[in-house]
Structure formats: structure tokens, C-alpha cells
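Take a look at the structure set out below.
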Amino acid sequence: MKTLLIVEDDRSLNKGIALSLSQEGLIIEQAYNIAMAEQMVASLKIDLIILDINLPDGSGLDYCEQIRKTSSVPIIFLTANDLEPDIVMGFELGGDDYITKPFSLMVLRARVMAVLRRAEPQSGEKVTIGPLTFDFEKMEYYRSNRQLALSRTEQKLLKILVSNPGNILTREQLIDKIWTLDAEFVDENALTVAIKRLRAKIEDEPSSPKYIKTIYGLGYMWAEGQHP
């Protein structure tokens with residue numbers, strides 16, 4: 001049974017979302033500000049957070065950035081901020097999806113279930129590549145013996161790239177593989193932002209990447225071979 005936390009100060013909207021998602025057999029926890037959310041995250045095992053950006057005691061963007069320092073729990077932003085810079089910022093700070101108000105509860109349910117599917121542990125061996133160590137089964141990732149906090153989207157992107165060394169993967173292929181059934185809902189910036197964030201975490205020089213190469217006009221390629 002999965003537990004979702006809805007962080008939304010509009011109580012009637014929070015209740016409506018909770019009623020809609022409870023039909024999927026999920027356990028729903030509700031918070032109306034960041035302080036309440038912090039208490040619940042500290043005391044409960046939360047599998048996904050639906051997070052408003054404009055909250056009474058702070059910004060959901062700042063709270064997401066805080067969470068990402070220690071956790072890869074999936075986060076879906078739910079907000080009236082629909083400008084492209086806001087959406088890009090949401091992904092850059094570690095959001096797994098970004099839904100703008102007004103929205104369809106049916107679409108919200110579909111996207112929540114899709115994010116939960118992506119968050120399922122993936123099997124795979126432990127891989128060491130230079131200073132990088134990726135244990136996809138345990139979902140533990142290290143660079144020079146320092147553990148990395150990767151979002152679920154970043155983990156899935158990394159797994160796909162590492163599993164296809166030397167192969168060019170188009171943007172369309174990566175979007176289809178990462179976001180699967182909800183690919184048509186994904187903002188076109190989401191992959192670009194995920195690549196940028198992953199490079200910032202694993203590359204020595206993200207602006208001149210050694211591992212994740214951009215193949216202009218085509219897509220991306222994992223350029224470094226795997227070493228035992």
C-alpha cells in the first residue's frame with residue numbers, strides 16, 4: 001500500500017484530491033503548510049508528495065530543494081504558476097512532474113499512478129565506472145565515495161543511459177522509456193532538465209561532460225565504458 005502526502009493550503013481542493021486518489025487504494029495524508037508536511041515526512045514513510053508552490057509559510061520550490069538533499073521521494077508540483085520559467089525551475093529543483101491549475105482529476109490520477117510506477121525499485125547489478133558506483137538494485141549511487149541523492153526520474157534516466165553505452169538514444173526514446181504511459185503529458189523541458197541535473201551530480205565538468213554526451217540533432221549517449 002502506497003502513502004501519498006498532499007501539501008495544499010486550499011482545504012477544499014486538498015480534500016477533493018484526497019477523495020479522488022483514495023479511490024485508487026492509496027493511503028492519503030494531508031498537510032496545509034510546510035511545517036505540517038515536515039512533521040509528516042519525518043514520522044511517516046511517504047511514497048509520493050503532491051506539492052503546492054505557494055504555501056502560507058513558504059515556497060514549495062524551496063521545500064522540494066530541501067527534501068532533495070536527503071531523499072529521492074517522488075514529488076509532483078501542483079500549482080497555478082504556469083509560466084515556462086516556473087515549470088523549468090520545478091524540474092531543476094528535483095520535481096518529477098509539474099501540473100498546472102486548473103487540472104482534471106482524472107489526469108492527475110493517471111500522472112500520480114505513472115510516477116509511482118516509475119518509482120518502483122529496478123533490478124540491476126552494481127556498476128563501477130571510474131569514480132562512479134551505481135547500485136541500481138539498492139538504489140544507491142556514489143561519486144568518489146560520496147553518496148548522491150538522485151530523484152526517481154534521474155535514477156531511471158541513468159539506468160537507461162548506463163545500460164546502453166555507446167548507443168545514441170533519441171530524445172523521443174528517452175521520454176518514452178522514462179515517462180512510459182504518460183509521455184504525452186510530459187513538458188518538453190523535462191528531459192533537458194533531468195539531463196542537466198544528472199550531469200551536475202556525476203560529471204567533473206558538467207559543461208564539458210565526459211559521461212553523458214549530447215549528440216546534436218539526435219539525442220544523448222553514455223560515452224564511458226563499464227569497468228568491473
Side-chain angles (χ1 to χ4, degrees), residues 1-34 36-37 40-41 44-56 59-61 63-64 67 71-122 151-157 171-194:
M1 185 74 74
K2 300 292 185 181
T3 301
L4 273 64
L5 173 60
I6 304 169
V7 189
E8 166 63 63
D9 62 312
D10 183 328
R11 290 178 179 256
S12 32
L13 176 58
N14 195 319
K15 182 178 180 180
I17 295 170
L19 289 172
S20 174
L21 292 175
S22 64
Q23 297 172 14
E24 300 290 342
L26 303 169
I27 298 171
I28 308 298
E29 299 291 340
Q30 296 169 264
Y32 307 109
N33 54 48
I34 292 173
M36 289 180 66
M40 291 182 179
V41 168
L44 301 171
K45 182 185 180 300
I46 303 296
D47 297 292
L48 185 146
I49 300 173
I50 296 176
L51 180 60
D52 190 12
I53 288 180
N54 301 309
L55 291 161
S59 165
L61 292 172
Y63 182 44
C64 174
I67 291 171
S71 172
S72 61
V73 61
I75 296 173
I76 297 177
F77 285 112
L78 188 65
T79 173
N81 299 359
D82 59 355
L83 297 179
E84 185 173 292
D86 295 323
I87 297 172
V88 171
M89 178 66 71
F91 283 114
E92 285 185 338
L93 292 176
D96 293 271
D97 204 347
Y98 192 107
I99 301 174
T100 57
K101 303 173 184 177
F103 59 90
S104 156
L105 285 173
M106 185 178 296
V107 170
L108 174 63
R109 285 202 307 269
R111 292 171 78 156
V112 164
M113 300 311 292
V115 170
L116 285 173
R117 284 194 299 272
R118 297 202 303 270
E120 289 295 326
Q122 300 178 34
S151 71
R152 301 293 188 176
T153 297
E154 291 161 5
Q155 291 178 44
K156 196 162 187 178
L157 173 60
R171 290 180 62 85
E172 291 76 15
Q173 286 175 322
L174 288 170
I175 289 172
D176 286 343
K177 287 176 180 291
I178 295 167
W179 285 278
T180 56
L181 296 181
D182 62 335
E184 68 271 21
F185 298 126
V186 176
D187 184 272
E188 61 182 12
N189 294 302
L191 178 61
T192 301
V193 170

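Values in this document were obtained by computation on a predicted structure and should not be read as measured data. Along the sequence shown, residues are numbered consecutively beginning with 1.
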- Item | Pairing of Asp96 and Arg152 as salt bridge, 4.0 angstrom limit | no

- Task: Give, for atom CD1 of Ile99 and atom CD1 of Ile87, the distance between the pair rounded to the nearest 0.5 Å.
- Result: 11.5 Å

- Item | Counterpart residues, side-chain hydrogen bond (donor to acceptor under 3.5 Å, both in side chains), relative to Asn54 (two or more places apart) | Asn81

- Interatomic spacing from CZ in Phe77 to CG in Leu51 - rounded to 0.5 Å: 5.5 Å

- Query: In Å, rounded to the nearest 0.5 Å, how long is the span from CG of Asn189 to OH of Tyr98?
  - Reply: 11.5 Å

- Minimal heavy-atom distance between Cys64 and Gly94, with the atoms involved, is SG-C, 4.0 Å

- Not counting sequence neighbours, list each pair that qualifies as a salt bridge (Lys or Arg N to Asp or Glu O under 4.0 Å) and has a residue in residues 45-55. Lys45-Asp47, Asp52-Lys101

- Message: Quick check: closest heavy atoms across Pro74 and Val115, and the distance to 0.1 Å?
- Response: CB-CG1, 3.5 Å

Table please: side-chain donor-acceptor pairs of residues 102-109 below 3.5 Å, with sequence neighbours left out.
residue : atom : partner : partner atom : Å
Ser104  : OG   : Met106  : N            : 3.2
Ser104  : OG   : Val107  : N            : 3.2
Arg109  : NE   : Glu24   : OE2          : 3.3
Arg109  : NH1  : Ser20   : OG           : 2.9

- pair Leu157-Leu191: side-chain heavy atoms closer than 4.5 Å: yes

- Item | Sole candidate of Thr3, Leu19, Ile6 that passes side-chain contact (heavy atoms from CB on, under 4.5 Å) when paired with Ile28 | Ile6

- Does Asn14 reach the main-chain N or O of Glu8 with its side chain, forming a donor-acceptor pair under 3.5 Å? yes

- For the residue pair Gly90 and Leu61, what are the closest heavy atoms and their distance? CA-CD2, 3.9 Å

- Query: Considering only heavy atoms from C-beta outward, does the side chain of Ile49 approach that of Ile67 to under 4.5 Å?
  - Reply: yes

- Message: Return the CG to CD1 distance between Leu4 and Ile76, rounded to the nearest 0.5 Å.
- Response: 7.5 Å

- side chain to side chain contact (heavy atoms under 4.5 Å, CB included) between Met113 and Leu26, worked out: CA-CA 10 Å; Met113 300 311 292; Leu26 303 169; 4.1 Å; yes

- Note on the structure: Applying salt bridge (Lys or Arg N to Asp or Glu O under 4.0 Å) to Glu29 and not counting sequence neighbours gives none

- Message: Nearest 0.5 Å, please: how far is CD1 in Ile75 from CD1 in Ile50?
- Response: 11.5 Å

- Output the distance between atom CG (Leu174) and atom NZ (Lys156), rounded to the nearest 0.5 Å. 11.5 Å

- Considering residues at least two apart in sequence or located in another chain, which fulfil the salt bridge (Lys or Arg N to Asp or Glu O under 4.0 Å) criterion with Glu154? Arg197, Lys201

- Task: Please list, chain by chain and in numerical order, all residues satisfying side-chain contact (heavy atoms from CB on, under 4.5 Å) with Ala37, sequence neighbours excluded.
- Result: Leu5, Val7, Ala31, Tyr63

- Task: State which residues pass side-chain contact (heavy atoms from CB on, under 4.5 Å) with Gln173; sequence neighbours excluded, sorted by chain then number.
- Result: Leu169, Thr170

- Message: Just to verify, what does Asn33 make a side-chain hydrogen bond (donor to acceptor under 3.5 Å, both in side chains) with, not counting sequence neighbours?
- Response: none

- For the pair Asp86 and Thr79, evaluate side chain to side chain contact (heavy atoms under 4.5 Å, CB included) and give the outcome as yes or no after the intermediate values. CA-CA 10 Å; Asp86 295 323; Thr79 173; over 6 Å; no

- Item | Contacts of Lys15 that satisfy salt bridge (Lys or Arg N to Asp or Glu O under 4.0 Å) - sequence neighbours left out | none

